[in-house]
Peer 1: 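This is the structure I have questions about; it appears just below.
All values reported here derive from a predicted model rather than from experimental measurement. Throughout, protein chains are lettered first and strands after them, A, B, ... in sequence-line order, and every chain is numbered starting at 1.
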Amino acid sequence: MQTPDFINNSLLDSIVEQLRTPLLTIKLMVEAGDTSQLGLITSSSIQLLDDIAYVRELTKGNPSLDLSPINIAVLSDDIAHALTPFASARNVAIQPVSLCNRPVLAHRYTLLRAYENMVKGILSMSRGEKASTVVLSTSNQNGGVRFGVYSSEVNLSARDLSQMRKLFGASRRPASLVTTSPVTELYIADKLLSILGLRLRTAISARQHGFATSLTPSSQLTFLR
Amino acid sequence: MSRILIIEPDVVLARLYKSALVASRHEVGHSTTAQEALHAVEKFRPDTIILEIDMPNHNGLEFLYEFSSYSDWVGIDIIIHTSLRPSLFQRMKVSWQHLGVIEYLYKPDTTLAALQQTVA
């Protein structure tokens with residue numbers, strides 16, 4: 001019997017790692033008597049499980065997703081607000097930059113979960129040694145609306161992203177690929193975007209590396225405006 | 001009191017380890033990557049290094065092989081403190097002693113108190 005893509009070993013390895021670290025952090029925080037960030041860590045882990053379940057739900061059948069008009073700049077502000085505590089714990093500031101206000105038609109919750117996982121992916125790569133900034137950029141590109149997440153601390157190439165995708169195709173993660181990378185978050189973002197007919201790409205903006213995706217603006221909504 | 005360098009990619013975990021070791025009156029430095037750690041060893045001159053193997057880009061094993069090639073650093077003790085299970089290393093046939101490792105700690109089973117005791 002063929003193993004369904006979703007439960008292949010590499011993804012399970014990654015999920016184990018993504019959950020073991022917060023659980024270990026909680027255990028040590030309790031031992032140290034420092035409970036200030038327990039709520040943040042547990043909510044973030046529960047959200048990760050919810051997102052995995054959501055991807056599974058969408059990939060099981062033919063999902064019917066109702067489209068609605070979305071302003072990506074507003075969505076970006078919401079994500080920045082929601083993830084600020086998570087970013088602060090890593091000594092990172094989130095800066096939304098909006099250069100485009102054209103509306104798009106998409107399934108809001110799916111897009112929100114995809115974008116939030118893109119941002120969390122970048123934040124998880126942050127080394128946190130010195131204060132840094134992650135930019136959430138909404139801009140026009142080739143007639144589309146581009147949403148990008150960029151960090152001065154992260155150095156990514158298309159090969160890195162391709163390797164992350166390949167990890168889920170491998171039957172077992174080889175020891176030579178032992179690496180701490182936010183594979184689960186990027187996997188969730190990649191899957192959700194592909195369900196929406198979009199593609200996650202590595203990108204560079206103002207010498208900062210990151211990820212981006214483009215949506216086609218709704219001409220109907222643009223006309224109405 | 002000794003000088004300890006923690007090589008740990010997760011900044012939140014590193015903060016917890018650092019606080020525990022500072023409370024035990026050690027002088028503690030922290031690096032998040034293998035590359036940074038090599039510079040930190042040169043500048044900070046630790047007595048002991050606490051090393052996570054599972055790191056981005058260059059992992060802890062690569063750090064160990066690079067580290068062990070410098071004769072100046074022969075006397076520095078290495079404590080492996082990792083989330084990777086010992087069975088993985090057995091399959092890879094890694095010889096810790098050969099690489100200067102004095103102790104292996106499996107992170108999920110290691111309390112802060114146990115870490116403090118190991119470096120004491």
Peer 1: Counting only heavy atoms not in Gln35(B) (residues, nucleotides, ligands), do more than 12 fall under 6.0 Å from its CD?
Peer 2: no
Peer 1: Any idea which heavy atoms bring Ala32(A) and Leu16(B) closest together, and the distance?
Peer 2: CB-CD2, 4.2 Å
Peer 1: Kindly give the heavy-atom pair with the smallest separation between Pro108(B) and Arg20(A), and that separation in Å.
Peer 2: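 Between these two residues, the closest heavy atoms are CG-CD, 3.6 Å.
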Peer 1: Let me have the donor-acceptor pairs involving side chains of residues 112-120 of chain B, under 3.5 Å, with sequence neighbours excluded, atom names and distances please.
Peer 2:
| from | atom 1 | to | atom 2 | distance (Å) |
| --- | --- | --- | --- | --- |
| Gln116(B) | NE2 | Ala20(B) | O | 2.7 |
| Gln116(B) | NE2 | Ser24(B) | OG | 3.2 |
| Thr118(B) | OG1 | Ala114(B) | O | 2.7 |

Peer 1: Can you confirm whether Met29(A) sits close enough to Val12(B) that some side-chain heavy atom of one is under 4.5 Å from a side-chain heavy atom of the other?
Peer 2: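 Touching, per the 4.5 Å side-chain cut-off.
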Peer 1: To the closest 0.5 Å, what do you measure between CG (Asp10(B)) and OG1 (Thr25(A))?
Peer 2: 5.5 Å
Peer 1: Sort Ser19(B) into side chain, backbone, both or neither according to what part of it lies under 4.5 angstrom from a heavy atom of chain A.
Peer 2: neither
Peer 1: Just verifying a value: how many Å separate Arg15(B) CZ and Asn91(A) CG, rounded to the nearest 0.5 Å?
Peer 2: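 Between atom CZ of Arg15(B) and atom CG of Asn91(A) there are 7.0 Å.
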